[in-house]
S.K.: 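Okay, here's the structure, questions in a sec.
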Amino acid sequence: HLKSVPTSPDLNLEEIAKKLEGYTGADIEALVRETVMLKLRNVYSGCVEKANRECKEEECKNKVLNECMNNVDVKVTTQDLAEGMKIVTPSLTQADMQRYETMSKQLKQSVI
């Protein structure tokens, strides 16, 4: 799900993977999407603040905002994904996962 997302070199996928117990594939997709949106909102807010600090006229603000947004290097970090995990939570409970594990074992035994 992160293939098309620019990520920071410090992104620790092993650390993130350890925290994804109970997340389905759809949950992980939603997590990545929400994380990217949070990151973009934060960058945009920072650029708006910069434009408001530097300019009084609307034309100047728009110019500074556009320059800021065009020149920012947005990359998702481990911390960004942790923030996303506060919003997107896992769908599966421990009981769900145990039930699936039991079903998997039973299916394997019936095939043999």
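Not measured: the values here are computed from a predicted model.
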S.K.: Might you point out which heavy atoms bring Thr77 and Ser8 nearest each other, and give the distance in Å?
M.R.: CG2-CB, 3.7 Å
S.K.: Show which residues join Val64 in its hydrophobic cluster (side-chain heavy-atom contacts under 4.5 Å, direct or indirect), or state none.
M.R.: none
S.K.: Can you pull out every salt bridge (charged side-chain N to carboxylate O under 4.0 Å, His left out) where at least one residue sits in residues 70-84? Sequence neighbours excluded, please.
M.R.: Lys39-Asp80, Asp73-Lys75, Glu83-Lys86
S.K.: For Leu20, which residues count as a side chain to side chain contact (heavy atoms under 4.5 Å, CB included) partner, sequence neighbours excluded?
M.R.: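 Partners of Leu20 under the side chain to side chain contact (heavy atoms under 4.5 Å, CB included) test: Ile16, Tyr23, Ile28, Leu31, Met85.
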S.K.: Is the side chain of Ser104 donor-acceptor paired with the backbone N or O of Tyr100 at a distance under 3.5 Å, no angle test?
M.R.: no
S.K.: Tell me, please, which residues at least two apart from Arg99 pass side-chain hydrogen bond (donor to acceptor under 3.5 Å, both in side chains).
M.R.: Asp96
S.K.: Can you hop from Ile87 to Leu92 via hydrophobic side chains spaced under 4.5 Å?
M.R.: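 No, Ile87 and Leu92 fall in different hydrophobic clusters.
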S.K.: Got a sec, which residues hit side chain to side chain contact (heavy atoms under 4.5 Å, CB included) with Leu11, two or more places apart in sequence or on another chain?
M.R.: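 Listed in chain order: Leu2, Thr7, Leu13, Thr78, Leu81.
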S.K.: Please, which pairs that meet disulfide (SG to SG under 2.5 Å) have at least one residue in residues 64-110, sequence neighbours excluded?
M.R.: Cys47-Cys68
S.K.: When rounded to the nearest 0.5 angstrom, what distance separates NE2 in His1 from OG1 in Thr35?
M.R.: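 Answer for the NE2-OG1 pair, His1 versus Thr35, is 12.5 Å.
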S.K.: Which pairs pass salt bridge (charged side-chain N to carboxylate O under 4.0 Å, His left out) with one or both residues in residues 9-30, sequence neighbours excluded?
M.R.: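 Salt bridge (charged side-chain N to carboxylate O under 4.0 Å, His left out) check on residues 9-30 returns Glu15-Lys19, Glu29-Arg33.
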S.K.: For a quick test of your reading: what N or O donor-acceptor pairs under 3.5 Å do the side chains of residues 50-60 make, sequence neighbours left out?
M.R.:
| unit_1 | atom_1 | unit_2 | atom_2 | d |
| --- | --- | --- | --- | --- |
| Asn52 | OD1 | Lys61 | NZ | 3.4 |
| Asn52 | ND2 | Val48 | O | 3.4 |

